[in-house]
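Working notes, beginning with the structure itself.
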Amino acid sequence: MMEKLKIAIQKSGRLHEGSVNLLKECGIGLANGMNKLRTEAGNFPLEAYFFRDDDIPQYVEDAVADIGIIGENVVYESNKQITVVEALGFANCRLCVAVKKGEEYKGPASLNGRKIATSYPVLLKKFLDDNKIKAEIHEISGSVEIAPGIGLADAICDLVSSGSTLFMNGLKEAETILQSRTVLVKNNKLSKEKEALLAKLLFRIQAVKKAKNNKYILLNAPNEKLDDIIKLLPGMKSPTVLPLAQAGWSSVHSVLNENDFWEIIEKLKANGAQGILVVPIEKMII
Ligand code: PRP
Ligand code: ZN
């Protein structure tokens with residue numbers, strides 16, 4: 001029987017939708033798994049398991065799942081024998097200390113003698129020790145954000161992504177302890193067959209990531225400016241240049257990195273480019 005790659009995905013929360021969407025963009029559709037523990041992909045030898053994200057490192061270490069999608073913070077907190085394979089580029093977040101909105105916060109010393117609720121005691125303790133702060137760590141496994149409101153703690157240490165959870169609970173960010181990317185992790189002892197499946201999946205993930213970081217650009221250029229414009233648009237190999245029906249003009253097609261985007265657009269315009277179209281790319285294989 002053909003081996004299947006078992007992937008652990010967050011059951012619900014920050015990472016769930018992005019994880020399912022990433023697989024979908026890789027051509028791997030999962031039946032809606034919100035209320036299921038396990039679901040099979042129709043068109044790739046893969047089965048998905050839905051777990052609490054904080055439990056995923058343990059499951060990957062124990063080979064209940066071969067790979068998993070989690071925040072780096074969970075990797076550091078859990079200290080399991082697993083390997084980070086790839087940063088995925090969605091739902092990145094930060095681990096923060098937050099206090100009540102009305103409270104004055106004057107740096108880490110304000111936390112001395114306070115009670116801080118968190119699901120990340122290891123990372124919080126390191127932060128407190130590094131800053132020589134003596135505070136009480138109150139470990140709870142979920143709904144940390146309600147702790148100050150019900151008098152269970154003075155502050156919290158939790159993940160912040162959009163900030164809406166803090167806002168809705170009358171809290172404000174006080175310190176960032178750690179920037180956390182969303183990553184793909186793997187078990188350290190995968191079989192050859194599973195490593196090959198993972199390589200296949202990674203190839204697709206990288207194509208999707210590259211496509212997201214790049215845009216397809218089309219523009220019209222006066223022929224006398226073509227050389228300057230081509231220098232601005234290196235493309236995958238080099239840009240495509242096609243003559244326009246109107247004499248003296250060409251159409252230039254290329255690929256542009258998202259990060260350089262606005263700066264290059266300005267230079268293109270300054271060099272006489274017109275009718276600039278920028279369109280998303282779905283997959284990109286170099
Ligand atoms: C984290 C955190 C907050 C939320 C913050 O939960 O505990 O609840 O994300 O995101 P926001 O700033 O966009 O509102 P997570 O997804 O890890 O789920 P869990 O608490 O069940 O582990
Ligand atoms: Zn979590």
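Note that the structure is predicted; figures quoted are calculated from it, not measured. Indexing begins at 1, ligand by ligand and atom by atom, following the structure's order.
Close approach to Gly163 involves these atoms of ligand 1, each under 4.0 Å from a residue heavy atom: 11 (P), 12 (O), 13 (O). Remark: ligand 1 atoms within the under-4.0 Å shell around heavy atoms of Ser164 are 12 (O), 14 (O). Set against the non-hydrogen atoms of Gly13, the atoms of ligand 1 under 4.0 Å away are 16 (O). Counting atoms of ligand 1 from 1 in the listed order, those under 4.0 Å from a heavy atom of Val160 are 12 (O).
Asp54 contributes atom OD1 as its closest N/O/S atom to the Zn ion (ligand 2).
Protein heavy atom in closest approach to atom 1 (C) of ligand 1: Arg14 NE, 3.7 Å. Closest to atom 17 (O) of ligand 1, if we only count protein heavy atoms, is Asp53 OD2, 3.1 Å. Here the protein heavy atom with the shortest distance to atom 13 (O) of ligand 1 is Ser162 OG, 2.6 Å. Ranking protein heavy atoms by distance to atom 4 (C) of ligand 1, first place goes to Thr165 OG1, 3.7 Å.
No part of Leu15 comes within 4.0 Å of ligand 1, judged by heavy-atom distances. Counting heavy atoms under 4.0 Å from ligand 1, residue Asp54 touches it through the side chain alone.
There is no protein heavy atom less than 4.0 angstrom from atom 20 (O) of ligand 1.
The side-chain contact (heavy atoms from CB on, under 4.5 Å) test with Val185 is passed by exactly one of Thr83, Ile82, Asp66, Val74: Ile82.
Taking the ring centre of Phe167 as origin, the terminal cationic atom of Lys101 falls inside the region bounded by 6.0 Å and 45° from the ring axis.
Using the six-membered ring where Trp is involved, Tyr216 and His253 have ring planes that are perpendicular, over 60° apart on the 30 and 60° scheme.
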Chi angles and distances behind the side-chain contact (heavy atoms from CB on, under 4.5 Å) call for Asn73, Ile177 = CA-CA 10 Å; Asn73 60 296; Ile177 292 186; over 6 Å; no
request  = Run the numbers on Asn257 and Ile264 for side-chain contact (heavy atoms from CB on, under 4.5 Å), then give the verdict.
outcome  = CA-CA 10 Å; Asn257 191 289; Ile264 290 187; over 6 Å; no
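Checked against a 3.5 angstrom limit, the closest N/O atoms of Gln10 and ligand 1 fall inside it. Considering backbone and side-chain N/O of Ser12, none are found under 3.5 Å from N/O of ligand 1.
Taking 4.5 Å as the limit, some side-chain heavy atom of Ile156 sits within range of a side-chain heavy atom of Leu166. Within the 4.5 Å cutoff, no side-chain heavy atoms of Val144 are placed close to those of Tyr120.
In this structure, Gly142 does not count as a contact residue of ligand 1, since none of its heavy atoms falls inside 4.0 Å of the ligand.
Lys212 approaches Glu25 most closely through the heavy-atom pair NZ-OE1, 3.0 Å.
Nearest residue to atom 2 (C) of ligand 1 from Asp158, Asp55, Leu166 is Asp158 (criterion: closest heavy atom).
With salt bridges taken as basic N to acidic carboxylate O contacts below 4.0 Å, none links Asp227 and Lys231.
Taking the six-membered ring wherever Trp is involved, the centroid distance between the rings of Tyr49 and Tyr59 does not fall below 6.0 Å.
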